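Along the sequence shown, the residues carry numbers beginning at 1. This structure is a prediction, so every number in the text was calculated from the model and none was measured. The analysis underlying the following values was restricted to heavy atoms, covering all of them including side chains, and did not include hydrogens, waters or symmetry mates.
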Amino acid sequence: DNSSVGSSRVGRPWCVWVKMLFFTSFVLLCGSTTAEPVRGINYGNRFVVEYWMTSGVPKPFGEPSEGTSPFFAGLHNAADRFAMADVVDTPSVSAKDRMMTWLDQTIKDEHFKNLQASGVNVIRLPCGYWNWVSYPGNSTPNAPEFGKDGFPIVQQLRNLQRIASPADYRPYFDRVFEYAHRYGMKVLLDLHAVPGSQNGEMHSGIVTAFKEDDAKNAGNQYFATDWNQQKAVEAVEEMAKFGATKPNLHSIQVINEPQHIDLGFLKGYYETACGQARRHLSSSIPCVLFSWTWDMQWWQDNKVDAARFGTIWYDTHIYHNGKTSHSAISAYWDDYETVRTFDYSVGGVLVGEWSLALHEYGSDEDAKATAAWFVQKMQCFGVGTVYWTYDGGPGEWSFSGNPHGVDWPVVWANRASNFRPDSAPFSIFTFHGKWLSVDPSGELQSSDLNSQWEQWSAYLYWKDGQQKVALQSWHLKWLSAAPDGTLTASAATHSAWEEFSIYSYETEGHYRMALQSFHGKWVSVGEDGVVTARASNHSAWEELTVVYCDKEVLGASPSHELVDMGSDLSRESFDVRDAFDMDNNSKRDKFEMGGNSSSEEFAMGSISSREHFEMSSNSSSEDFEMGSNSSRDNFEMDSKSMGEDDVFVLV
């Protein structure tokens with residue numbers, strides 16, 4: 001239903017805790033009050049074929065030259081990189097037959113079935129203006145006949161128009177929408193290429209110089225004329241008219257990756273294009289604009305008015321090279337901060353392209369952690385992410401290839417939960433309203449800021465029926481508790497002193513926890529911000545809140561609910577096995593501990609009430625004494641040993 005897409009930002013999650021039979025476990029049910037985040041894939045290389053996307057696609061026109069898409073086999077490239085403008089009739093096949101054969105062979109029902117299984121809910125479909133509009137007579141988009149270096153620009157533009165007519169492409173757009181609808185997905189129609197080229201690069205349909213690197217320079221982009229804008233707006237309107245007939249249109253995007261185009265001109269184009277689209281579409285269907293992260297401040301000050309033009313989203317694309325995933329994430333951090341600021345002031349940021357490519361990974365787990373970090377962070381302060389691309393690209397560029405075995409449904413899981421199973425980063429909010437922070441030397445402190453030094457990752461495992469955690473800081477060191485209670489985050493590897501037991505509960509819609517060290521003491525944060533692991537029992541200063549999105553706490557202090565839990569839990573044995581991944585030179589260690597304490601006491605309460613739980617782990621029954629100021633009740637029930645199902649479960 002098109003009307004289901006309305007808000008310009010993803011709603012704040014709701015959570016309901018359900019106490020299961022006999023109080024033996026809890027279940028956390030989470031959702032969103034508005035549209036769910038975009039879990040998207042670009043279905044690229046169909047209508048706008050890119051020469052470098054060579055793998056996993058048919059070779060209907062002969063064997064291509066090395067490193068070139070089979071689509072271009074038998075053709076001549078006018079520039080140093082093939083582009084759609086190089087597609088012409090040849091003695092063996094016409095331009096139209098080449099295009100239609102390609103679409104027949106690359107748009108497949110099985111692709112959408114696979115995407116559904118991976119948890120995808122939105123397909124971003126790149127297309128060109130020539131798929132939607134034609135030009136009268138022998139006219140073309142505005143551009144010089146020859147470029148600065150003598151490149152034949154107008155001839156190349158004319159080639160684009162001669163490949164096929166808009167009517168010829170229409171059945172293939174129908175096919176994409178039909179397959180997507182069959183498997184419960186929506187389609188974002190993306191005008192990837194506009195008249196005259198918005199960036200001079202081959203994915204605009206034409207390279208505007210003999211060398212694409214030259215074409216990227218200012219002055220080789222020819223979109224910014226009245227005629228080119230008029231034809232682009234016509235294309236957007238045709239897309240909107242077509243999409244309005246489909247039950248699973250998600251949104252319309254009006255441009256992709258403009259470079260060296262005056263932002264004032266772009267704003268005028270955005271408003272005109274969205275205005276024309278609204279003649280056919282509900283105001284709830286997003287009209288998607290584009291902004292690089294470095295231009296977002298300008299758009300904050302000059303945003304397109306949603307009151308006039310309906311729901312407005314801003315697509316941005318984020319790619320960085322990185323020698324390691326950590327260096328890549330460090331580079332991504334500035335983008336994340338920009339997106340976060342823009343979300344607060346404007347909202348509606350969609351990361352319409354990103355990839356695990358361009359980085360070097362020490363292990364598959366390293367790549368998985370990068371995926372978890374990126375999606376969780378960008379989904380937190382935006383409307384979602386869209387991976388480039390489904391297939392065709394080498395290595396990590398291919399989502400379907402998935403060389404690292406990323407579990408995408410887990411990566412895309414609702415971010416409002418307790419510890420996620422995919423190492424997604426989180427922050428730790430203390431009882432005193434500060435963030436748990438660690439500097440590069442490993443010294444712990446409390447901070448008013450929530451930035452890189454406040455980021456943690458959890459590595460979870462089970463031992464003796466209880467869940468354990470090791471916490472890794474932004475600096476790739478482990479949180480460690482010495483026998484005297486000194487707490488640092490400087491350990492290079494994970495062993496006994498880096499193991500903590502988790503005691504968790506929920507108050508005011510947030511997941512709270514207390515951490516007990518290997519030495520039986522509790523992690524505690526004093527009013528002065530000093531962090532230690534010396535507390536003998538658990539109360540307010542030992543209450544910590546796991547926060548995956550800091551906008552979910554909005555500065556609210558945790559409740560003053562007190563939880564008193566017994567310490568003195570003995571640990572009798574410690575075994576190291578090669579089975580637990582720690583991101584430390586690919587070493588895998590597993591830690592097993594024997595010996596449970598004979599009893600544990602839990603005392604819970606608030607200013608007006610106290611609840612006392614006494615449990616004997618070796619008995620067949622448990623006594624629960626609960627009450628407030630006026631009454632107490634006793635509960636006796638059969639006990640069960642704790643298992644993996646007796647914890648907080650995200651549904």
Side-chain angles (χ1 to χ4, degrees), residues 1-2 4-5 35-50 53 55-58 60 69-71 99-128 131 169-192 239 242-253 256 285-286 288 315 350-356 371 375 379 383-393 396-403 405-413:
D1 185 339
N2 287 340
S4 66
V5 183
E36 63 180 347
V38 171
R39 306 184 300 273
I41 290 297
N42 281 277
Y43 202 50
N45 204 39
R46 268 69 187 175
F47 295 92
V48 182
V49 185
E50 301 194 22
M53 300 175 67
S55 61
V57 290
S69 168
F71 175 77
M99 190 73 239
M100 302 304 116
T101 300
W102 179 259
L103 294 173
D104 277 325
Q105 294 193 355
T106 59
I107 300 174
K108 297 293 185 182
D109 176 279
E110 66 193 60
H111 298 168
F112 297 82
K113 183 178 181 180
N114 294 338
L115 290 170
Q116 180 195 49
S118 296
V120 172
N121 62 0
V122 174
I123 302 294
R124 181 173 180 255
L125 184 63
C127 53
N131 299 137
Y169 294 108
R170 195 59 56 87
Y172 297 97
F173 286 107
D174 286 330
R175 186 179 300 179
V176 170
F177 273 84
E178 176 187 347
Y179 290 161
H181 186 57
R182 182 177 299 170
Y183 295 103
M185 291 175 282
K186 294 189 175 185
V187 179
L188 185 166
L189 272 179
D190 159 40
L191 190 58
H192 213 66
M239 293 161 65
F242 173 80
T245 68
K246 304 298 182 183
N248 59 326
L249 174 70
H250 178 274
S251 49
I252 298 287
Q253 181 167 345
N256 175 75
I285 300 293
V288 183
D315 177 24
L350 174 70
V351 180
E353 289 186 24
W354 75 282
S355 175
L356 285 174
V375 169
Q379 187 170 286
V383 294
T385 59
V386 188
Y387 195 93
W388 185 276
T389 180
Y390 174 69
D391 62 6
E396 292 90 355
W397 289 108
S398 174
F399 179 86
S400 60
N402 196 11
V406 176
D407 189 343
W408 289 104
V410 171
V411 169
W412 279 321

Enquirer: Please determine, by modelled atom types, if Y172 and D104 share a side-chain donor-acceptor pair under 3.5 angstrom.
Expert: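 Checked: Y172/D104 side chains pair up, N/O donor to acceptor below 3.5 Å.
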
Enquirer: How close do P58 and P70 get, counting heavy atoms only, and between which atoms?
Expert: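 Shortest heavy-atom contact: O-CG, 2.9 Å.
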
Enquirer: Of all the heavy-atom pairs spanning A180 and V187, show the shortest one and how long it is.
Expert: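 Closest approach of A180 to V187, heavy atoms only: CB-CG2, 3.7 Å.
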
Enquirer: As an exercise, state the distance from CG of D190 to CG of D315, rounded to the nearest 0.5 Å.
Expert: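 Nearest 0.5 Å value for the CG-CG distance: 7.5 Å.
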
Enquirer: Within the distance-only criterion (no hydrogens, no angle test), does the side chain of N256 pair as donor or acceptor with the backbone N or O of L191 below 3.5 angstrom?
Expert: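 Checked: no pair found.
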
Enquirer: Flag the pair R182 / F177 as yes when at least one side-chain heavy-atom distance between them is below 4.5 Å, and no otherwise.
Expert: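 No, every pair of side-chain atoms sits at 4.5 Å or beyond.
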
Enquirer: Rounded to the nearest 0.5 Å, what's the gap from OH on Y169 to CZ on F47? Could you check?
Expert: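 With rounding to 0.5 Å, OH (Y169) is 9.0 Å from CZ (F47).
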
Enquirer: Report yes or no: does N402 contribute a side-chain atom to a donor-acceptor pair with the main-chain N or O of V406 at less than 3.5 Å?
Expert: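 Flag set: sc N402 to bb V406 pair under 3.5 Å.
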
Enquirer: Roughly how far, to the nearest 0.5 Å, is the CE atom of M239 from the OG atom of S251?
Expert: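 If I round to the nearest 0.5 Å, the distance is 9.5 Å.
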
Enquirer: Would you say N121's side chain and P37's backbone share a donor-acceptor pair under 3.5 angstrom?
Expert: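 Yes, because the side chain of N121 sits within donor-acceptor range (under 3.5 Å) of the backbone of P37.
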
Enquirer: Check step by step if side-chain contact (heavy atoms from CB on, under 4.5 Å) holds for R39 and V375.
Expert: CA-CA 9 Å; R39 306 184 300 273; V375 169; over 6 Å; no

Enquirer: Are the side chains of N248 and M185 in touch, meaning some heavy atoms are under 4.5 Å apart?
Expert: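 Heavy-atom side-chain distance check fails, nothing below 4.5 Å.
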
Enquirer: Can you name the closest pair of heavy atoms from P403 and S398 and give their distance?
Expert: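 P403 and S398 have their closest heavy atoms at CD-O, 4.2 Å.
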
Enquirer: For a ring-ring contact (aromatic ring centres under 6.0 Å, His included) with F112, tell me which candidate from Y183, Y390, Y179 qualifies.
Expert: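 Testing each of Y183, Y390, Y179 against F112, the sole residue satisfying ring-ring contact (aromatic ring centres under 6.0 Å, His included) is Y179.
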
Enquirer: Before giving the answer on side-chain contact (heavy atoms from CB on, under 4.5 Å), spell out for I123 and L115 the whole-Å C-alpha distance, their side-chain angles and the decisive distance to 0.1 Å.
Expert: CA-CA 9 Å; I123 302 294; L115 290 170; 3.4 Å; yes

Enquirer: Please examine the side chains of T106 and F71, heavy atoms only from C-beta on, and report whether any two atoms are closer than 4.5 Å.
Expert: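 They are not in side-chain contact.
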
Enquirer: Flag the pair L188 / L350 as yes when at least one side-chain heavy-atom distance between them is below 4.5 Å, and no otherwise.
Expert: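 With C-beta onward as the side chain, the pair touches.
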
Enquirer: Could R46 and Y43 be counted as a cation-pi pair, given that NZ or CZ must be under 6.0 Å from the ring centre and within 45° of the axis?
Expert: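 Flagged: R46 positioned over aromatic ring of Y43.
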
Enquirer: Walk me through it: do R124 and E353 pass the test salt bridge (Lys or Arg N to Asp or Glu O under 4.0 Å)?
Expert: CA-CA 9 Å; R124 181 173 180 255; E353 289 186 24; 3.1 Å; yes

Enquirer: How far apart are the closest heavy atoms of T101 and P60, and which atoms are they?
Expert: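 Minimum heavy-atom contact is CG2-CB, 4.0 Å.
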
Enquirer: How close do G44 and T389 get, counting heavy atoms only, and between which atoms?
Expert: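 Heavy atoms of G44 and T389 come nearest at N-OG1, 3.2 Å.
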
Enquirer: Considering only heavy atoms from C-beta outward, does the side chain of I285 approach that of L249 to under 4.5 Å?
Expert: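 Of all side-chain heavy-atom pairs linking L249 with I285, at least one is under 4.5 Å.
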
Enquirer: Heavy atoms, side chains only, cut-off 4.5 Å: are I107 and R175 in contact?
Expert: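 With C-beta onward as the side chain, the pair touches.
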
Enquirer: Might you work through the side-chain contact (heavy atoms from CB on, under 4.5 Å) test for L189 and F242, ending with a clear yes or no?
Expert: CA-CA 10 Å; L189 272 179; F242 173 80; 4.1 Å; yes

Enquirer: Check the pair W397, D391 against side-chain contact (heavy atoms from CB on, under 4.5 Å), reporting the backbone distance first and the verdict last.
Expert: CA-CA 7 Å; W397 289 108; D391 62 6; over 6 Å; no

Enquirer: Taking the six-membered ring for Trp, are the ring centroids of F399 and W388 within less than 6.0 Å of each other?
Expert: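 No, they do not, as the ring centres are separated by 6.0 Å or more.
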
Enquirer: If you measure from CD on E396 to CG on L356, what distance do you get to the nearest 0.5 Å?
Expert: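 The CD atom of E396 sits 6.5 Å away from the CG atom of L356.
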
Enquirer: Check whether any side-chain heavy atom of F173 sits under 4.5 Å from a side-chain heavy atom of C127, and report yes or no.
Expert: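 The answer is yes, as the side chains (C-beta and beyond) meet within the 4.5 Å cut-off.
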
Enquirer: Distance-only, no hydrogens or angles: does the N42 side chain make a donor-acceptor pair with backbone N or O of Y387 under 3.5 Å?
Expert: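 Yes: the side chain of N42 pairs with the backbone of Y387.
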
Enquirer: Looking at every non-hydrogen atom in both residues, tell me the closest pair between A371 and V411 and how far apart they are.
Expert: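 Between these two residues, the closest heavy atoms are O-CG1, 3.8 Å.
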
Enquirer: Check this for me, if you would: do D174 and K246 make a salt bridge, where the nitrogen-to-carboxylate-oxygen distance has to be below 4.0 angstrom?
Expert: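 Yes, this pair counts.
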
Enquirer: Any non-hydrogen side-chain atom of E50 less than 4.5 Å from a side-chain atom of S69?
Expert: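 The answer is no; the side chains never approach within 4.5 Å.
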
